[in-house]
Amino acid sequence: MLPHKQIELKLQAAVRVLLPDADTAAVLVRPCPDPKFGDYQSNALMPLAKARRMNPRLLAENVLAKLDVSDVCERVDIAGAGFLNFHLKDSSLAQTLDAAARGEHLFFEKTAAPKTAVIDFSSPNVAKPMHVGHIRSTILGDCLARALRLLGHRVVTDNHIGDWGTQFGMLLVGWKRELNSTALDTDAIGEMERLYKKISAESRENPATLEAARQELVKLQNGDPENLKIWRKMIELSKKQFDAIYSRLGVKFDCTLGESFYNDRLKSSVDELLARGIARESEGAIAVFFDEIPQLKDKPALVRKSDGGFNYATTDLATLAYRMEKWQPAEIIYVTDGRQQLHFQQIFAAFQKWQSAKPQPAIPRLAHVWFGSILGEDGKPFKTRSGETVKLADLLDEAEERAFRIVSEKNSGFLEPQRREIARVVGLGAVKYADLLPNRQSDYVFSWDKMLALTGNTAPYLQYAYARIRSIFRKAQNESANSQPPAALTLSATEEIALAKHLLGFGLALEAVAGEFRPNFLCNYLFELAGKFTAFYENCPVLKADEVIRASRLVLCDLTAQVLKQGLDVLGIEVVEQM
RNA sequence: GCACCCAUAGCUCAAUUGGAUAGAGCAUCUGACUACGGAUCAGAAGGUUUCAGGUUCAACUCCUGAUGGGUGCGCCA
């Protein structure tokens, strides 16, 4: 067990002895913000004392009297208003690293209570290209899935693609009237997008076209064989292009159940809502009202339109019900942009009502993991000069191209295929990292330069640190093949101690990502790790050190490389041995 | 009109139960052994955390109000 966890458990036990009624789940041990205070701290005693009108320092003293952490700590201080500062024993630090070197752990622990989580993300629309707007959902969702899986949870990733709805009326008219099959072969989505735009524009001018689209849609919905066939073709072609992007990004879905999958569940869902008195007729439509929820008081959710058709709220409710039946998840996570907050509030509230009405409600935790809108560099909603959005494929191409120029400049000796491969890893890494680094709730200012930056707090910085470590090992191997692993690590230089201590925090970073759905915690952790490694690298010779020190430092390097690689993998970013 | 979100260094952003001296990157300036790999490092400068109150031992964080910006609001998804 990692030292901070041991301290935490003992601290909680000590608190329970003194304050049997206290909620010890809130008694946490975290790294100190500044090493001068110590290695780990707990702030939990201050709120506990306050709630009981006790003197916090006195409480701290009493807790300390019941607390024996001498196996991992050399001392514990009470500071300020009642902080507990724990100073880790050198031997405990070395033992933790030794265990990691033996492969017993990598500074994190699998959860003791695995849960099932369904993650709904990416969700592009059929017949439309994926653009920069899809990158956040895709990258964020993928990262959350990876983090939860690494911690031992069961994850179902589901791509809820937009494969049903009114746009197909227009698409069908266009397809039948003026499909360019050559263009369809070269760029299927581009051609379908062209058709959609053309008919959509025409419909605004010409009521006859609008009516034609409506009729094609009705035919599709009624199962007309020809329209069904075209519709299936459109989905197939779209999926092919989505898959090409996902494959580049290394994103995998366990299932792709689009909106159409739920068609035959819509009517029964609404009927059930009506039967249970959760939904009612209103102005010709069927709606769920939320009079008991202040924010939703005047904001009913429509689940059936006055023309009898269903909308996306209906689909989302049916989807929730399906996911619950199919996987019995403890948690369902939606990764979409912030504009859908009201929608998900409504859906979650409606679903709550619906399931609560059942005999044995087992309602999963529902989370809307939202992110800010994409803005242009002028702070206004993002558009290119020509008024288009940037296509995701173009962004990835540009990233690889820019990286290739840098790689070629720095490593002119490498053959082109090798430079291409490095550029791919570095370019895609830069894009992903740029997307995951900011707090997801901030609005997203799109900038080519920021997205594709290769210096500073970026993925290439982390990849570079990794490559440098690997370079040390290549060199070490050439020098002597017979170096034995050390019996125990000897850490003496301040930089190597700082690096070693930072390694111990990997698990906390992972837990923060999974618990709060915020990958930026991991980005920052890794950036600091790479920074501490670089400080070590500058100040502590590895290969030139005396044998014992050298062996110990090699282990430290190896563990750092492993954590960098594993951490980047959670972010969906690859590493290279040389760059 | 109502609701939600946001406001931190010149720019783009961090800040993990309310915690200790608000941190990074970019840009700017000064430096670094012919480099265990310079896609690097050390340092300087840059802040009344939009404003005004309040709660607290402690506020970027919570509450109230103001200002500015964004988004959403029954038959589009």
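Lettering follows sequence order; numbering is per chain, from 1. Being a predicted model, the structure only gives us computed values, none of them experimental.
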With B for base contact, S for sugar-phosphate-only contact and - for none (protein heavy atoms under 4.0 Å), nucleotides 33-39 of chain B reads ---BBSB
Validation row, ring centre A:His87 to ring centre A:Tyr40 under 6.0 Å:
no
Sort me out a list of protein N/O and nucleotides 55-63 of chain B N/O pairs below 3.5 Å, or just none if empty.
residue : atom : partner : partner atom : Å
B:U56   : O3'  : A:Lys50 : NZ           : 3.1
B:U56   : O2'  : A:Lys50 : NZ           : 2.7

Can you check the distance between B:A9 and B:G72, where both ends of the measurement are the C1' atom (answer in whole Å)?
33 Å
Sugar-phosphate only, base, or nothing, as touched by A:Asn85 at under 4.0 Å among non-hydrogen atoms:
base
What's the OH-P distance between A:Tyr40 and B:A20, to the nearest Å?
18 Å
Per-nucleotide protein contact along nucleotides 72-77 of chain B, 5' to 3', at a 4.0 Å heavy-atom cut-off (B base, S sugar-phosphate only, - neither), is BSBBSB
A:Gln341 has a side chain; which of B:C41, B:A14, B:C4 sits nearest to it?
B:C4
Starting from the C-alpha separation in whole Å, work towards a yes-or-no answer on salt bridge (charged side-chain N to carboxylate O under 4.0 Å, His left out) for A:Glu577 and A:Arg470.
CA-CA 6 Å; A:Glu577 297 294 302; A:Arg470 300 306 305 155; 2.8 Å; yes
Would A:Arg280 count as a cation-pi partner of A:Phe289, with NZ or CZ less than 6.0 Å from the six-membered ring centre and within 45° of the ring normal?
yes
Please determine, for the side chain of A:Phe521, which listed nucleotide (B:A20, B:A24, B:A15) has the closest atom?
B:A15
Output all residues satisfying side-chain hydrogen bond (donor to acceptor under 3.5 Å, both in side chains) with A:Glu496, sequence neighbours left out; order by chain, then residue number.
A:Ser492, A:Arg553
Would A:Thr209 and A:Glu202 count as a side-chain hydrogen bond (donor to acceptor under 3.5 Å, both in side chains) if you check the C-alpha gap in whole Å, the side-chain angles of each, and the deciding distance to 0.1 Å?
CA-CA 7 Å; A:Thr209 308; A:Glu202 201 180 306; 3.0 Å; yes
Considering only the P atoms, how many Å lie between B:G46 and B:A22, rounded to the nearest integer?
14 Å
Please list all pairs meeting ring pair (Phe, Tyr, Trp, His ring centres under 6.0 Å) that have one or both residues in residues 456-476 of chain A, counting only residues at least two apart or in different chains.
A:Tyr461-A:Phe527
Do A:His368 and A:Thr336 pair up side chain to side chain, a donor and an acceptor below 3.5 Å, judged on atom types alone?
yes
Return the value, rounded to whole Å, for the distance between atom CE of A:Met451 and atom P of B:C13.
12 Å
Steps toward side-chain hydrogen bond (donor to acceptor under 3.5 Å, both in side chains) verdict (A:Asp39, A:His4):
CA-CA 9 Å; A:Asp39 297 311; A:His4 78 267; over 6 Å; no
Quantified in whole Å, what is the P atom distance between nucleotide B:A15 and nucleotide B:U30?
33 Å
RNA chain B: A:Gln295 or A:Asn457, which has the more 5' nearest nucleotide?
A:Gln295
Does A:Ser200 reach the side chain of A:Gln167, with side-chain heavy atoms less than 4.5 Å apart?
no
Between B:A7 and B:C63, how far is it from one P atom to the other, in whole Å?
14 Å
Mind checking if A:Asn520 touches a base, just sugar-phosphate, or nothing, with heavy atoms under 4.0 Å?
sugar-phosphate
Would you say that more than 12 heavy atoms from the other residues, nucleotides or ligands in this model lie under 6.0 Å from the NZ of A:Lys450, or not?
yes
In whole Å, measure the gap between the C1' atoms of B:U48 and B:G37 for me.
45 Å
Whole-Å C1' distance, B:U64 and B:A20
28 Å
Between B:G25 atom C1' and A:Leu452 atom CG, what is the distance in whole Å?
16 Å
So, do A:Gln41 and A:Val29 sit near enough that their side-chain heavy atoms are less than 4.5 Å apart?
no
B:G70 P sits how many Å from A:Asp337 CG, rounded?
16 Å
Between A:Asn311 and A:Thr314, a side-chain donor and acceptor under 3.5 Å
yes
Looking at B:A24, I'd like to know if its phosphate oxygens (OP1 or OP2) sit under 4.0 Å from a side-chain N or O belonging to A:Asn524.
no
Send over the distance from A:Arg518 CZ to B:C13 C1', rounded to a whole Å.
12 Å
Output the distance between atom CG (A:Leu171) and atom CG (A:Leu220), rounded to the nearest 0.5 Å.
10.5 Å
Measure the distance from CD on A:Glu8 to C1' on B:U17 and round it to the nearest whole Å.
11 Å
Mind calculating the distance between CD (A:Glu528) and P (B:A15) to the nearest angstrom?
12 Å
Sticking with atom C1', work out how far B:G70 lies from B:U50, rounded to a whole angstrom.
16 Å
Any chance you could encode RNA chain B as dot-bracket? Rule is Watson-Crick or G-U wobble with both distances under 3.5 Å; [ ] for pairs crossing earlier ones, | for another strand.
(((((((..((((.....[...)))).(((((.......))))).....(((((..]....))))))))))))....
Strictly below 4.0 Å, N to O, side chains only: are A:Arg402 and A:Glu398 in salt-bridge contact?
yes
Just checking A:Asn439: base, sugar-phosphate only, or nothing, at a heavy-atom cut-off of under 4.0 Å?
sugar-phosphate
So CG of A:Asp158 and CG of A:Leu257: to nearest 0.5 Å the spacing works out to 4.5 Å
Considering only the P atoms, how many Å lie between B:A35 and B:C29, rounded to the nearest integer?
28 Å
Near-parallel close stack of A:Phe83 and B:A20 base (under 5.5 Å, under 30°):
yes
Does a side-chain N or O from A:Arg30 land closer than 4.0 Å to OP1 or OP2 of B:G18, or not?
no
Integer-rounded Å distance: B:U16 C1' and A:Phe527 CZ
18 Å
Side chain of A:Gln41 (C-beta onward), nearest among B:A20, B:G25, B:A15:
B:A20
Output field: ring centroids A:His160/A:Tyr262 closer than 6.0 Å
yes
